[in-house]
Amino acid sequence: MLGTTIRLAIILVASLGLTAVATPAYAAPAVLVDVGPGTLVADGAAVDVPITFTCDTDPGRIIAVPVVEVNQRVTEGRIANGFGNAQLSCTGQSQTVTIRVIPRAIAYDPGIAVVFVVLQTCTAEFQCAVVTESKEMQLEKPLEVRIPPVVPE
């Protein structure tokens, strides 16, 4: 039993070492610059989350796939949870995309939520690098556009 555990640990350490070697040394990883605030859509049936990022400096990285998860404690301790994603071309410049996150069962409310972002950048051969970030984010109602009433003369 102990020998099996040691062999598994050695295999795990070796595989992690090979993963680190596979990443090119000249490429800086992608950078998540900013996340949020989120804007509620249809009274919490979804939330739009803007994220700003810069793809890494490796010109071979041509695809960016940001994945966003939003979790929020709502009434009676229940958790509203959902995911959203996008696929974009890497430009090498700062890029902003708004990702719509749809909750699975419970609507989001205005207030604080936790957002978890996974930004994956890949080559045409699907060799990918991943950057993650988790933080608190404010969920806000959309700005209301008010049209002044027409007063007859």
Side-chain angles (χ1 to χ4, degrees), residues 12-13 15-152:
L12 177 62
V13 169
S15 67
L16 290 174
L18 289 175
T19 303
V21 172
T23 305
Y26 59 86
V31 177
L32 282 167
V33 177
D34 192 29
V35 179
T39 303
L40 295 171
V41 177
D43 291 327
V47 61
D48 286 343
V49 179
I51 65 167
T52 302
F53 65 94
T54 303
C55 285
D56 44 35
T57 57
D58 181 353
R61 304 251 184 232
I62 60 170
I63 301 168
V65 181
V67 179
V68 176
E69 176 185 10
V70 177
N71 294 291
Q72 182 186 44
R73 182 180 171 158
V74 292
T75 60
E76 298 174 8
R78 296 179 297 168
I79 302 294
N81 164 270
F83 291 90
N85 67 346
Q87 182 174 329
L88 308 153
S89 296
C90 285
T91 65
Q93 303 297 317
S94 179
Q95 296 173 256
T96 300
V97 62
T98 299
I99 297 180
R100 181 155 290 174
V101 177
I102 299 173
R104 295 178 189 196
I106 302 168
Y108 294 111
D109 290 331
I112 298 294
V114 174
V115 61
F116 180 67
V117 179
V118 177
L119 176 61
Q120 185 172 338
T121 55
C122 303
T123 66
E125 295 81 25
F126 297 105
Q127 295 176 343
C128 302
V130 176
V131 177
T132 63
E133 182 173 328
S134 180
K135 68 178 234 175
E136 288 185 355
M137 173 182 67
Q138 184 70 32
L139 301 184
E140 303 171 343
K141 290 184 177 182
L143 294 176
E144 198 173 300
V145 178
R146 295 184 181 235
I147 302 172
V150 176
V151 179

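In this chain, residues are counted from 1 in sequence order.
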List for me each residue that meets side chain to side chain contact (heavy atoms under 4.5 Å, CB included) alongside Ile62, sequence neighbours excluded, and say none if there are none. Ala124
Quick note, side chain to side chain donor-acceptor pair (under 3.5 Å) partners involving residues 106-120, not counting sequence neighbours, are none
Once you round to the nearest 0.5 Å, how far does OG1 of Thr54 lie from CD of Gln93? 8.0 Å
Which atom pairs, donor and acceptor, lie under 3.5 Å between side-chain atoms of residues 112-119 and protein residues at least two apart or in another chain?
none

Nearest-0.5 Å distance that lies between atom CD in Gln138 and atom OG1 in Thr39: 10.5 Å
Taking only residues at least two apart or on different chains, which pairs with a member in residues 35-52 satisfy salt bridge (Lys or Arg N to Asp or Glu O under 4.0 Å)? Asp48-Arg100
Can you name the closest pair of heavy atoms from Val97 and Ala86 and give their distance? CG2-CB, 4.4 Å
Determine which pairs satisfy salt bridge (Lys or Arg N to Asp or Glu O under 4.0 Å) with at least one residue from residues 125-138, sequence neighbours left out, and list them in order. none
Nearest heavy atoms of Pro103 and Ala45, plus distance in Å: CD-O, 3.0 Å
Kindly give the heavy-atom pair with the smallest separation between Met137 and Pro37, and that separation in Å. CG-CA, 3.9 Å
Side chain to side chain donor-acceptor pair (under 3.5 Å) pairs touching residues 78-89, sequence neighbours excluded, are Glu69-Asn81, Asn71-Asn81, Thr75-Arg78, Asn81-Arg104
If you define the side chain from C-beta out and look only at heavy atoms, does anything of Arg61 sit under 4.5 Å from Cys55? no
Chi angles and distances behind the side chain to side chain contact (heavy atoms under 4.5 Å, CB included) call for Val49, Val35: CA-CA 7 Å; Val49 179; Val35 179; 4.1 Å; yes
Looking only at non-hydrogen atoms, find the nearest pair between Thr96 and Thr52 and report the distance. OG1-OG1, 2.9 Å
Would you compute the distance between atom CD1 of Ile102 and atom CZ of Phe83 and round it to the nearest 0.5 angstrom? 13.0 Å
